Structure formats: C-alpha cells, structure tokens
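Working notes, beginning with the structure itself.
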Amino acid sequence: MNPLLEAERAVLGAVLLDPDQLRHMDWLAPDHFHRPVHHALFTSLRKLHSDGHPAVGTDEPAPPRGTRGAWPDRITAGGSTPVRSQWVTDAVDDAALHVRGLTAAYAHTLISSCPRPEHAPVYGRMVLEGAIHRTVAQHAIRLHQAARADALKGEVEGTMRSADVLTGVLTDLARRWGTEPRPVAPTASPPTAAAVPPETADLVAEDERFLLAVLAEQPQALDEVVAWLRPGDFADPAHGQVYRCLGALHHRGEPIDRITLLWEAQQRGLLADGTLSGEQLTALCDGAVPGSADWFAQRVMRSSLTRTAAASARSVRALAEDEALGPGRLINAALHALGPLSEVRTRWATANATPTPAASVPSADGPSPARVHAARARSAPHHTPAPPGRPDPAPAPAAARSPTRGHP
C-alpha cells in the first residue's frame, strides 16, 4: 500500500462527498497530484466549485457509508437527482474530457477510500508533502542532465540556469510550506563526491597536466589564477596536490623547478603515502607546453563547476527520495547541498571578471640574492627567524634553466 496514493484518493473522496472541504484547501493545487487522473479530477472539482455548482454550500447530508456505492442511482420523489450526486456526475463528466479511463465507478472507489471527509486538510497536506519531494527530485535530475550536457560541450551556461531554477523552486516551496529557506546540513547522508564523466575524463586530465606544466615553467603565472582556482577544482587529486605545492612555493617566494617541487612534495608526505611519485613530477616539469595559464585554468575551473553541479544534483535527489524527510528539512538540506556549487560559481565569476594581467618575461639572471638567501634559510636544518627588514614577497621570476630544456 502506497501512503501517498492513499492520501490522494482520500482527498478526492472527501471533496466528492463534501464540496465545501475545498474552502479549507485553497493551498492545494491540481499539480500536486501525482496521478494524471487525480490531477484532472481535482481540476474539475476546483472549476465546478468556483463556478458555483448547486452542491456547494448545500445542507444535503452525505449518504451513509454503506450506500455510497449506489449514490448515483438515488432519485428524489420528484424525479430529480440529489445535488450531491449531481456534483459527482458533473465532476466525472468534466474530468473525462481531459483524461482517459475515468468512470463513475472509480469516483465512488475514491469516495470509499476516504475514512472521514472532515480530515481532508490533513490528507491534502500529505499530498503536498509528496509533491514537494517529487518536484525537488525532478529539478535535481534536470540539473544533473544540464551539467552532463555542459561537460560534453565545454560550457556552463545551462548548468547555471538549471541551478538558479532549482534554487528558486526550493525558495518557493519553502514559502508555500510556511518555512524559512536556509541551508541546514542534514543529520545523515554524506555529500556525494564529484566524478568526471567518462566521455571527457581524458580531456580533463590533459587540461590539468598542461596547466601544471605551464605553471611549473612560468611560476609568475600563478598570480593570474591563485585568487580563484583551488586544489579541489582538479579532478585528479594528485594534480590538486601538485597545484598546492606550486602555490606554497610561490607564496613563500621560493624558486620553482623540478627539484624544489619534489622537495615540497616530500615535505608534505605525498611521496611517502603514494599520492605522487618522482616520475610524475618530473614528467610535469619536463613537459612544458606553450600556452596561457589563465586559459588552461579556466578550462579546469569550467570542468570543476559542471562536476560540482552534478554532485550537488545527486545529493539533492537522494534527499528528495528519502520519504522520511519532512518538507522543511528537505528544502533546507537541499539548499545546503547546493552550497558547494554556489561557492564554485562565485569563483567562476571572479575568473571571468578579472582581467588577465600581462605575462612578464622571466629574468635570465635568476632570482634575486634576497630570495636565494631566504630559500636557503628555509631549507636549512635549523630555521632562524627572518630579519625584521625582510622585504614583502613579490612574484618570483622563474629560475634560469638549462638550454637543453628548450627554455627561451
């Protein structure tokens, strides 16, 4: 037995028995019913009620429970059909114009499914709860589909539109339910990890490798991307860790090359736990390619946005499919699940709004003596405090490379 289906039947049965119950359910709409036949019948009942059907407001009592099945055959002494019976007939006739399979027999099955007509508002609330779960799940599916489609096309516009629609739907549902929309973490259901669509996995990995190679060859290009690109934006966790190492070296003003990057990875335990290998780092440093770090970083960021959207959509759908989750908790938990996507979108907007600074030409003389001294001091076994007059960090020029590396 499906409780939601029983609630839909009970609501319709209550209104067929007592049209005045519609006055207490002005917040319930035909779209809230899952079955098309129920949708059509409730639409007709609403229409007849608003048109002032004679059964509305009548004092004619409903037939006893045991005689409901024969209601259409009851004829008054004057030969006329009771207005309540005519209410059922007219509703079925009108709804049958819009949906197939609706008969008077089914209408009386609905009447028999209603334990108490006066409980119609409670049954209606159950129908509304089911509609909220169903609506959230449907829009989550659409967001997931948009994210997958954008990932294949290398775009984000459709994903952002679908995310805006879902957020708007959640806000509207919160208003209808009478709650304040605010992100609240669910008590269970851990977040779903983002995954790269198999169709684009190779391309995404290639973009990430190209970006890291450009940053290793041109460390000053980190200034273009560090404000909005995060290690978590990389689909490959190992690539994200390499980016973290590059950022750390750059932040400390230390030179960046194959040796310093390998040392930083070792200091972070990435070689010991198998996250990275010396061969991977060497391949990245030796695989320098000409290109714009900003351009590759935006491609990585675009992929991160669509992956995050797909992961958020899966989380929202899982919440919507939890029938034990009340509408208020569902809406707030769904808004919380969309939080990571909002954060990525904010950084995406920053990436597209910030003008790309002109790339500086690496100095052929290598880093300044002050930076060399600072780097050596940090690499010494016993660290000493930096002198008070230490200059503020500035973008580090790339260290001079051997002519055999093909460096210009």
Side-chain angles (χ1 to χ4, degrees), residues 2-63 65 68-69 71-72 74 80-139 168-169 171-179 327:
N2 187 328
L4 179 57
L5 179 58
E6 292 298 314
E8 289 192 5
R9 289 173 173 171
V11 170
L12 295 170
V15 176
L16 288 169
L17 281 168
D18 183 3
D20 291 334
Q21 290 298 329
L22 285 173
R23 301 180 187 274
H24 309 300
M25 296 186 294
D26 54 352
W27 39 265
L28 190 64
D31 289 341
H32 294 152
F33 289 82
H34 183 44
R35 283 199 169 185
V37 65
H38 294 169
H39 176 285
L41 184 55
F42 193 75
T43 300
S44 297
L45 290 169
R46 279 279 187 209
K47 176 177 178 295
L48 293 176
H49 187 274
S50 62
D51 290 346
H53 191 276
V56 177
T58 183
D59 294 331
E60 178 184 309
R65 183 177 180 85
R68 287 173 189 168
W71 200 6
R74 294 175 63 232
S80 62
T81 305
V83 290
R84 290 288 182 86
S85 179
Q86 190 62 44
W87 164 258
V88 176
T89 302
D90 292 344
V92 171
D93 290 344
D94 184 79
L97 299 175
H98 309 284
V99 67
R100 295 180 178 179
L102 179 59
T103 63
Y106 185 69
H108 289 283
T109 299
L110 297 175
I111 291 174
S112 300
S113 300
C114 177
R116 292 182 179 273
E118 61 271 21
H119 293 172
V122 179
Y123 306 147
R125 187 190 67 191
M126 299 174 186
V127 173
L128 178 58
E129 287 193 32
I132 290 176
H133 278 259
R134 191 166 56 253
T135 300
V136 173
Q138 289 171 349
H139 283 280
V169 166
T171 303
D172 181 65
L173 290 175
R175 179 184 59 80
R176 291 176 179 272
W177 186 251
T179 187

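Since the model is a prediction, treat every value here as computed from it, not as a measurement. Each residue takes its place number in the sequence, starting with 1.
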Problem set entry | pair L28-V127: side-chain heavy atoms closer than 4.5 Å | yes
Exercise. Would you say R46's side chain and P30's backbone share a donor-acceptor pair under 3.5 angstrom?
Worked result: no
Problem set entry | Any side-chain heavy-atom pair of P117 and Y123 under 4.5 Å | no
Exercise. Closest approach of A55 and R84, non-hydrogen atoms and distance?
Worked result: O-NE, 4.1 Å
For this session: Check whether any side-chain heavy atom of H53 lies under 4.5 Å from a side-chain heavy atom of W87, and answer yes or no.
Result: yes
Exercise. So do the side chains of V11 and Q21 get within less than 4.5 Å of each other, counting heavy atoms only?
Worked result: no
For this session: Might you point out which heavy atoms bring E129 and P327 nearest each other, and give the distance in Å?
Result: CG-CG, 3.4 Å
Exercise. If we only count heavy atoms from C-beta on, is the W177 to R125 side-chain gap below 4.5 Å?
Worked result: yes
Exercise. Can you tell me how far the CD1 atom of I132 sits from the CZ atom of R176, to the nearest 0.5 Å?
Worked result: 9.5 Å
For this session: Carefully, step by step, assess L12 and L45 under the rule side chain to side chain contact (heavy atoms under 4.5 Å, CB included).
Result: CA-CA 9 Å; L12 295 170; L45 290 169; 4.1 Å; yes
Problem set entry | Residue pair V88 / A107: nearest heavy atoms and the distance that separates them | CG1-CB, 4.1 Å
Side-chain donor-acceptor pairs of residues 36-43 under 3.5 Å, sequence neighbours excluded:
from, atom 1, to, atom 2, distance (Å)
H38, ND1, E8, OE1, 2.7
H38, NE2, Y106, OH, 2.7
H39, NE2, D31, OD1, 2.9
T43, OG1, H39, O, 2.8

Problem set entry | Heavy-atom side-chain contact between V56 and R23 under 4.5 Å | yes
Exercise. What distance separates L17 CG from R116 CZ, expressed to the nearest 0.5 Å?
Worked result: 13.0 Å
Problem set entry | Approximate separation, where rounding is to 0.5 Å, of L97 CG and S44 OG | 7.5 Å
Exercise. What pair of heavy atoms forms the shortest contact from D94 to H98, and how long is it?
Worked result: O-CD2, 3.2 Å
Problem set entry | Test item: E118 and D18 side chains (from C-beta on) under 4.5 Å apart, heavy atoms | no
Exercise. How far does CG of L4 sit from CZ of R9, to the nearest 0.5 angstrom?
Worked result: 11.0 Å
Seminar exercise, completed: By salt bridge (Lys or Arg N to Asp or Glu O under 4.0 Å), R134 pairs with (sequence neighbours left out) none
